[in-house]
Amino acid sequence: LFLTMRMLRIGLLGLGHVGSAVVEALGRHSTLLARRTGTTPALLRIGVRHLHKPRRVAVDPTLLTADAWDVVRDPRLDILIEAIGGVQPAASYLREALRSGKDVITANKQLVAAHGADLKALAARLGRAFLFEAAVGAALPIVQVIGAALAGDRIRGLVGVLNGTANYVLTRIEGGATREEALDDARARGLAEPDPHDDLSGRDTAAKLAILASLAFEVPVFPQDVPCTGIDALSEEAIRGAHRAGIPVRLIAAARRTGDGFEMGVFPARLAADHPLAQLVGPENGVLLYADLAGEVFMKATGAGGAPTASAILGDLARAAGRREDLSAPAVPAIVPLRSGNGIAADGQLVLDGWA
Ligand SMILES: NC(=O)c1ccc[n+]([C@@H]2O[C@H](COP(=O)([O-])OP(=O)(O)OC[C@H]3O[C@@H](n4cnc5c(N)ncnc54)[C@H](OP(=O)(O)O)[C@@H]3O)[C@@H](O)[C@H]2O)c1
């Protein structure tokens with residue numbers, strides 16, 4: 001069946017934490033992607049900086065090139081996925097990819113915060129897709145929720161935790177680690193940028209808030225316009241003390257409409273322990289949206305790391321490929337009723353640990 005399908009020819013820039021996870025996920029989920037998009041995804045070219053660096057995934061070495069323009073200009077490709085980071089040269093690569101007829105997907109918040117509006121306009125003019133779900137909160141599907149699910153609603157404000165590294169560092173310090181230990185572990189787990197300054201200073205969060213505020217309020221907001229205080233000046237003792245007092249510190253991004261404009265900022269804040277954002281631990285991110293019709297909408301997910309970011313990128317890939325109607329009748333699944341000892345304890349309590 002899949003042999004007769006159209007190929008979805010993909011180029012990838014970057015083979016670090018995110019790029020490798022995309023390669024792995026494309027392999028692991030190739031059948032479901034084929035079923036859902038009616039295409040066969042094929043990774044044809046990968047741009048890196050160092051051709052001979054050891055990689056955590058096995059890739060055919062003939063796919064690799066150290067000249068990103070080879071990928072950007074490859075006329076065979078339908079889609080370019082950018083996972084290199086930084087504003088330039090990534091912005092030039094994405095522009096050229098759009099101009100040469102490709103859909104583009106990026107995980108790069110600095111780029112989207114600085115050039116999202118003009119890339120979106122260019123893509124619209126050319127009839128191409130510019131998608132960036134992975135750029136805010138990795139697996140947190142916030143861009144689609146604001147842009148599609150709530151497209152008929154009016155968002156009044158939002159408050160969130162949008163940096164997995166900062167949240168990881170805060171909650172590890174609460175648990176007794178030093179800042180340096182927490183940062184080293186965050187780096188080893190592929191959560192932190194090589195230079196975590198932007199994570200701790202709040203600048204990374206400000207870039208993500210600028211993206212979300214632009215989408216939610218339909219006005220241009222740039223990272224440098226977002227007032228920002230990070231967690232770098234907070235002592236370990238202050239973080240542990242607040243945690244012990246039941247008012248843990250989280251690095252918050254908040255924005256809301258006012259009578260004639262907007263209020264927004266990034267800052268460390270103490271939260272009641274039962275607040276949904278206070279309960280985010282490790283690399284978790286979360287956003288609470290306030291909308292006219294929907295009321296409050298809360299979402300949380302793993303906000304950093306290769307696989308969660310790859311989940312968002314593959315979602316964008318499926319969106320760019322377009323879903324097809326599946327005309328084949330799927331087999332009726334076997335369904336077993338939930339019973340005590342099978343997800344429900346003898347006293348009737350639902351056991352959610354490791355539910356699925
Ligand atoms: N890590 C996360 O948890 C996470 C989550 C969400 C979004 N993101 C975003 O995803 C992007 C990538 O992050 P990462 O953590 O995967 O970074 P990374 O591990 O440092 O990987 C970056 C990759 O890009 C390649 N590269 C850099 N500059 C290049 C250039 N000019 N041309 C070609 N290749 C280039 C590097 O090549 P070499 O390997 O050859 O040096 C490397 O493979 C960033 O925008 C980041 O903000 C990351």
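In each ligand, atom 1 is the first atom listed, and ligand 1 is the first ligand listed.
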Answer with side chain, backbone, both or neither: which part of [X] has a heavy atom less than 4.0 angstrom from an atom of ligand 1?
| X | answer |
| --- | --- |
| K208 | neither |
| A135 | neither |
| T309 | side chain |
| R49 | both |

Task: Audit row: D198, T205, side chain to side chain contact (heavy atoms under 4.5 Å, CB included) steps and yes/no - done: CA-CA 8 Å; D198 279 4; T205 302; over 6 Å; no
Task: Euclidean distance, F130 CZ relative to L122 CG, rounded to 0.5 Å - done: 10.0 Å
- [ ] Return the option from S20, G16, A207, A83 holding the heavy atom at the smallest distance from atom 12 (C) of ligand 1.
- [x] A83
Open item on the list: As a check for students: among V48, L12, D199, identify the option with a heavy atom nearest to atom 33 (C) of ligand 1.
Closed with: V48
TODO: Answer with yes or no whether E82 contacts ligand 1, where contact means a heavy atom under 4.0 Å from a ligand atom.
DONE: no
May I ask you to check if ligand 1 and [X] share an N or O to N or O distance below 3.5 Å?
| X | result |
| --- | --- |
| G190 | yes |
| P89 | no |
| A134 | no |
| G306 | no |

State whether [X] and [Y] are salt-bridged, where the test is any N-O pair (Lys NZ or Arg NE/NH1/NH2 against Asp/Glu carboxylate O) under 4.0 Å.
| X | Y | result |
| --- | --- | --- |
| D118 | R95 | yes |
| D185 | R189 | no |
| R28 | E24 | no |
| R172 | E181 | no |

For residues 299-315, please give each side-chain donor-acceptor pair under 3.5 Å, one per line with the distance, not counting sequence neighbours.
| unit_1 | atom_1 | unit_2 | atom_2 | d |
| --- | --- | --- | --- | --- |
| K300 | NZ | E284 | OE2 | 3.3 |
| T309 | OG1 | G305 | O | 2.6 |

[X]: numbered ligand 1 atoms lying under 4.0 Å from its heavy atoms:
| X | result |
| --- | --- |
| K109 | 7 (C), 8 (N), 47 (O) |
| G47 | 34 (N) |
| K53 | 38 (P), 39 (O), 41 (O) |
| A304 | 3 (O) |
| R55 | 38 (P), 39 (O), 40 (O), 43 (O) |
| L15 | 23 (C), 42 (C), 43 (O) |
| G85 | 44 (C), 45 (O) |
| H50 | 38 (P), 40 (O), 41 (O) |

Open item on the list: With side chain to side chain contact (heavy atoms under 4.5 Å, CB included) as the criterion, how do D78 and I10 come out once you've worked through the C-alpha distance, each side chain's angles and the decisive distance to 0.1 Å?
Closed with: CA-CA 6 Å; D78 302 303; I10 303 164; over 6 Å; no
Task: Any donor-acceptor N/O pair, R257 side chain to I155 backbone, under 3.5 Å - done: yes
- [ ] Could you tell me whether a side-chain N or O of E133 sits under 3.5 Å from a main-chain N or O of I142, the two making a donor and an acceptor?
- [x] yes
Task: Nearest atoms (heavy-atom pairs only) where L209 meets A254 - done: CD2-O, 3.6 Å
Open item on the list: Under a plain distance cut-off of 3.5 Å, with no hydrogens placed, do Q88 and S92 share a side-chain donor-acceptor pair?
Closed with: yes
